[in-house]
Amino acid sequence: KKIIYINNLQDKYPDKYFFFRIPNMQSGVAIKGKLLSKNGETTHDSFQKTPVILYYFSAHWCPPCKKFTPMLVEWYNQWNKDSKKVEIIFLSLDKTEGEFKEYYATMPWLAVPFGDSRVSTLKSKFGLQGIPFLVQVDCEENLLNDECRDEVLANKGNVLDDWIKLNKKVFFQGEGTSLGGSTQSSLSSGTKFVPADLPKADDSKPKTNIVLKLASGDQKEIEVNMDTKVATIYNYVAFLSKDKFELSAGFPPKPLTDMNATVEEAGLDGSKVT
């Protein structure tokens with residue numbers, strides 16, 4: 001699923017970020033195919049039931065990667081100490097196969113073979129901008145979280161419970177409509193959603209800007225009034241997507257059930273993408 005992050009940087013909301021989730025336009029499981037393991041070869045089917053699936057973009061030549069990888073190895077072993085809870089798939093950006101082999105020898109998890117085109121495909125799919133880059137996906141390769149590295153470092157590896165909850169999270173879902181159509185679903189009692197373009201903000205009222213950062217790397221800045229309802233933004237997301245989408249807020253994410261709340265009441269005012 002494509003994630004639209006709304007990261008709040010204001011001091012008023014230092015512990016929040018909000019996101020809308022809509023299906024990723026690059027559908028399908030790109031990781032399908034042969035993978036390397038410490039016991040030989042395997043496929044993506046081997047980790048489909050693992051509670052947490054992480055893709056790790058890294059390279060031998062990258063100093064921050066070489067610093068982060070030993071820590072990740074330690075946490076990986078700790079997370080899986082009692083039972084298999086986490087699988088990591090290494091996607092190499094090494095310059096030579098020799099560097100890849102040397103670097104992968106330090107890792108206990110799976111890897112896409114060196115030079116495989118799936119690495120480029122997944123770089124594009126998840127909007128890779130720098131390494132090391134650690135992302136959480138579900139078993140259908142929908143992006144769940146692209147800030148895993150920062151969370152691991154900030155919490156000294158104590159993130160597993162949140163990641164498991166994130167994978168199991170049941171989000172509210174709309175029915176999915178085409179442009180100009182009508183939706184048949186209500187996410188809160190008595191509230192109907194109709195896909196609609198975003199109304200122009202009223203200059204006579206307090207306003208704020210929200211930057212929507214899509215998983216593809218695209219950004220869209222919208223201007224709304226502080227008294228704009230969450231449902232209005234929801235309708236706009238429905239307008240952008242013909243498919244099913246989901247709405248939640250915070251981390252770990254919790255459903256935004258009050259569609260009548262204003263942008264200010266929902267804590268979305270002044271949101272900017274980092």
Side-chain angles (χ1 to χ4, degrees), residues 1-24 127 143-147 150-151 154 162 166 169-177 179-274:
K1 291 186 175 61
K2 185 170 291 185
I3 295 184
I4 305 175
Y5 289 98
I6 310 175
N7 290 310
N8 196 325
L9 301 182
Q10 289 196 345
D11 293 339
K12 185 177 179 181
Y13 307 107
D15 60 345
K16 294 182 179 179
Y17 71 75
F18 301 86
F19 61 84
F20 296 97
R21 301 207 314 163
I22 62 177
N24 196 315
L143 179 61
L144 299 178
N145 183 3
D146 66 357
E147 297 187 348
D150 291 342
E151 291 169 9
D162 286 343
L166 185 59
K169 191 70 180 179
V170 177
F171 292 86
F172 287 93
Q173 295 196 9
E175 286 297 320
T177 62
L179 298 182
S182 61
T183 180
Q184 297 80 33
S185 177
S186 63
L187 299 195
S188 62
S189 179
T191 304
K192 297 290 183 181
F193 297 100
V194 178
D197 201 354
L198 192 69
K200 187 179 184 301
D202 187 340
D203 292 335
S204 66
K205 297 180 180 180
K207 298 185 296 183
T208 187
N209 284 24
I210 296 175
V211 177
L212 307 180
K213 180 184 177 185
L214 283 67
S216 64
D218 296 335
Q219 296 187 17
K220 187 173 185 64
E221 184 170 352
I222 62 173
E223 184 179 61
V224 295
N225 291 111
M226 299 293 282
D227 61 358
T228 297
K229 298 295 180 66
V230 170
T232 300
I233 299 177
Y234 196 105
N235 289 344
Y236 182 56
V237 176
F239 176 79
L240 296 175
S241 173
K242 296 186 295 183
D243 304 299
K244 291 183 178 181
F245 61 91
E246 299 154 336
L247 175 64
S248 70
F251 187 83
K254 297 180 180 179
L256 281 176
T257 56
D258 188 0
M259 297 298 116
N260 290 316
T262 65
V263 165
E264 183 174 17
E265 291 168 343
L268 299 175
D269 58 306
S271 299
K272 296 292 181 181
V273 171
T274 55

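One-based numbering along the sequence shown.
- Taken to the nearest 0.5 Å, the CG atom of Asn260 stands 9.5 Å off from the CD atom of Glu265.
- Residues forming a salt bridge (charged side-chain N to carboxylate O under 4.0 Å, His left out) with Asp197 (at least two apart in sequence, or on another chain): none.
- Taking Asp150 as the reference, nothing meets the side-chain hydrogen bond (donor to acceptor under 3.5 Å, both in side chains) condition, with sequence neighbours excluded.
- Scanning both residues, Thr262 and Val230, for their nearest heavy atoms gives O-CG2, 4.3 Å.
- Residue pairs satisfying the salt bridge (charged side-chain N to carboxylate O under 4.0 Å, His left out) criterion with at least one member in residues 226-235, sequence neighbours excluded, are listed as follows: Lys205-Asp227.
- Asp162 places none of its side-chain heavy atoms less than 4.5 Å from the side chain of Glu151.
- Summarising the geometry, atom OG1 belonging to Thr208 is positioned 9.0 Å from atom CD belonging to Glu223; distances are rounded to the nearest 0.5 Å.
- Of the inter-residue distances, the one linking Leu144 atom CG with Leu166 atom CG reads 5.0 Å to the nearest 0.5 angstrom.
- Using a 4.5 Å heavy-atom cutoff, the side chains of Thr232 and Val224 are not in contact.
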